[in-house]
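All residue numbers in this chain count up from 1 along the given sequence.
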Amino acid sequence: MIQNIRAVTRPRRMDHFQYRDGVLLAEGVSLEAIAEEVGTPFYAYSTATLERHYKVFAGAFDGMDTMVCYSVKANSNIAVVRTLARLGAGADVVSGGELKRALAAGIPADKIVFSGVGKTVRELTDALKAGIMQINVESEPELEALSTIARSLGLEAAVAFRVNPDIDARTHAKISTGKAENKFGIEWTGVHEVYRKATTMAGIRPVGLAVHIGSQLTDTAPFRDAYLRVRDIVAMLRADGLNVERLDLGGGLGISYGDSAGLLPGPAEYGEIVREVFADFDGQLLFEPGRVIAGNAGVLVTRVIYIKEGATRNFAIVDAAMNDLTRPSLYDAFHEIVPAIEADNKAPLLAYDVVGPICETGDTFCIDRKLPALAAGDLLVIRTAGAYGAAMASSYNTRAMVPEVLVREKEFSVIRRRLEVDDLINLEAFPAWLSNNPD
Ligand SMILES: *Cc1c(COP(=O)(O)O)cnc(C)c1O
């Protein structure tokens, strides 16, 4: 009964993690087989899903002058970024480190956009020297700093101004970025003034505006509101004789994590909003999708260490933890969890809290989740973990850093090896006064 209800309401999913003969595959490779070879926990990504998501997203703007700059922070592995680069993707980076990754992955510099509120002199210098397409400036002090650096290098910075449109994205507070009280962007009422001033500054060439109001948006209305505001500002700038050749419309399109009742807006619906607002815009539109490309292209695979029957609950204690996938503890995020070996359809479902070994109560992947009966040694698959998963991982509790595996049809390859505990300890050193062992 429960199974049937699920089958009807489950939103469409465009991924390549499916059961075949009771075994959960990533494309043509069994996750159990990867676990045997790589050990657990690990992340596995599907090349076909990454490619499909990119093409569906880019295809939503067919016939328009657009560029898709994948948001590297969602999943920054160079193999993932290169997979997208091969399809023609540009990159949106938010640090000098990500800039280096994007270049290492093979993204051409002239397809890279640099966003972020706190770019340092070093980062701005590296970006200018690399000759990236555009720097999204988020404050006047940043504009002044960029002008100084560009002048000293004898270069010119193509600049877009990130607008803070004061629009509520209606998403989780920690990933909402477009309200006046958020640290991001220049308040929309002040953008015109800054833009005009920038045209007189040495080393600066204003090219347009940027806007990004948050992540995991499940409603298109805030996009429309923000874009309408940007369109109004463009009209004012152009009426003032100012050059606006590009608009960066950001990322943020939400995805289904398996807990939403109805269908969420997808790239097609989002594309409609963009067409509606910018049909008459004369210039190029950039997009910075992250989650919608990588989210459903990855899973986190973990093994049950113990089943513990608590006083009021059953705990499935697994070998992945909040340091490997932080979204549940950080954002109270829901992730669907399924066994790698499909349970019998008629098997009863039991309620489990799936938890990691870390010494924090927040180290919980789900509470009171109905799952088939579990036993120590079972392999569980945490779905929709391809975005903001490995990229946010740490080694808290001195846990080896989780490896990443990329699957392509029947092949797979380790694209980040496990960073072992010895690797971590070897990064540390004693000062001279502690160099001897205590007596
Ligand atoms: C994080 C971020 C994105 C990507 O957001 P998603 O929700 O993953 O699509 C795009 N642009 C900027 C400026 C960001 O900070």
How about Tyr19: does its OH atom have over 12 heavy atoms from other parts shown lying under 6.0 Å from it? yes

Looking only at heavy atoms, what is the nearest atom pair of Asn75 and Ala294, with distance? CB-CB, 4.0 Å

Would you say the side-chain atoms of Glu288 and Ser71 include a donor-acceptor pair closer than 3.5 Å? no

CG (Leu228) and CD1 (Ile233) are apart, to the nearest 0.5 Å, by 11.0 Å

Residues in side-chain contact (heavy atoms from CB on, under 4.5 Å) with Gln284, at least two apart? Asp65, Met67, Arg246, Leu286

Sort and list the pairs that fulfil ring pair (Phe, Tyr, Trp, His ring centres under 6.0 Å) and have at least one residue in residues 382-419, not counting sequence neighbours. none

Assign the ring pair Phe278 / Tyr227 to parallel, tilted or perpendicular, where the plane angle (0 to 90°) is split at 30° and 60°. tilted

In short, ring pair (Phe, Tyr, Trp, His ring centres under 6.0 Å) pairs touching residues 323-367 with sequence neighbours left out are His172-Tyr331, Tyr257-His335

Applied to residues 394-409, the salt bridge (charged side-chain N to carboxylate O under 4.0 Å, His left out) test, sequence neighbours excluded, yields Asp324-Arg399, Glu404-Arg416, Arg408-Glu411

For Glu181, I'd like to know if atom CD has over 12 heavy atoms of other residues, nucleotides or ligands within 6.0 Å. yes

With sequence neighbours excluded, tell me which residues meet side-chain contact (heavy atoms from CB on, under 4.5 Å) with Ile149. Val121, Leu124, Thr125, Leu128, Leu153

Are the side chain of Ser76 and the backbone of Lys73 linked by a donor-acceptor contact shorter than 3.5 Å? no

Is Val301 close to Ile34 at the side-chain level, that is, under 4.5 Å between some pair of heavy atoms? no

Grab the two heavy atoms, one from Ile358 and one from Asn397, that are nearest each other, plus how far apart they are. CA-OD1, 3.5 Å

Partners of Asp232 by side-chain hydrogen bond (donor to acceptor under 3.5 Å, both in side chains), sequence neighbours excluded? none

Going by the rule salt bridge (charged side-chain N to carboxylate O under 4.0 Å, His left out), which residues pair with Glu276 if we only count those two or more places apart in sequence or in a different chain? Arg224

Gap between atom CZ of Arg383 and atom CG of Leu380 - 0.5 Å precision: 13.0 Å

Sequence neighbours left out, what pairs pass salt bridge (charged side-chain N to carboxylate O under 4.0 Å, His left out) with at least one residue falling in residues 99-120? Lys119-Glu142

With sequence neighbours excluded, tell me which residues meet side-chain contact (heavy atoms from CB on, under 4.5 Å) with Glu32. Ser30, Glu36, Arg303, Ile341, Leu379

Roughly how far, to the nearest 0.5 Å, is the CG atom of Asn164 from the CH2 atom of Trp188? 11.0 Å

Heavy atoms of Pro108 and Ile112 approach each other most closely as O-CG1, 3.5 Å

Looking only at the side chains, is there a donor atom on one of Asn323 and Ser394 sitting less than 3.5 Å from an acceptor on the other? no

Short side-chain to backbone donor-acceptor contact, Asp423 and Glu420, under 3.5 Å: yes

Main-chain N/O of Ile255 paired with Gln216 side-chain donor or acceptor, under 3.5 Å: yes

Sequence neighbours excluded, every pair satisfying salt bridge (charged side-chain N to carboxylate O under 4.0 Å, His left out) that has a member inside residues 348-369: Arg313-Asp353

Inspect the contact between Asp225 and Arg229 and indicate whether a charged nitrogen and a carboxylate oxygen are less than 4.0 angstrom apart. no

Would you call Ser46 and Asp15 a side-chain contact if the rule is heavy atoms closer than 4.5 Å? no

Review item, side-chain donor-acceptor pairs of residues 156-163, under 3.5 Å, at least two apart:
from   : atom 1 : to     : atom 2 : distance (Å)
Arg162 : NH1    : Glu138 : OE2    : 2.9
Arg162 : NH2    : His212 : O      : 2.9

How close do Ala320 and Pro41 get, counting heavy atoms only, and between which atoms? CB-CB, 3.8 Å

Is any side-chain heavy atom of Cys69 closer than 4.5 Å to one of Met133? yes

Identify, with sequence neighbours excluded, every residue that meets side-chain contact (heavy atoms from CB on, under 4.5 Å) alongside Ala44. Leu31, Phe42, Val299

Atom CG of Leu87 and atom CZ of Arg52: how far apart are they, to the nearest 0.5 Å? 13.5 Å

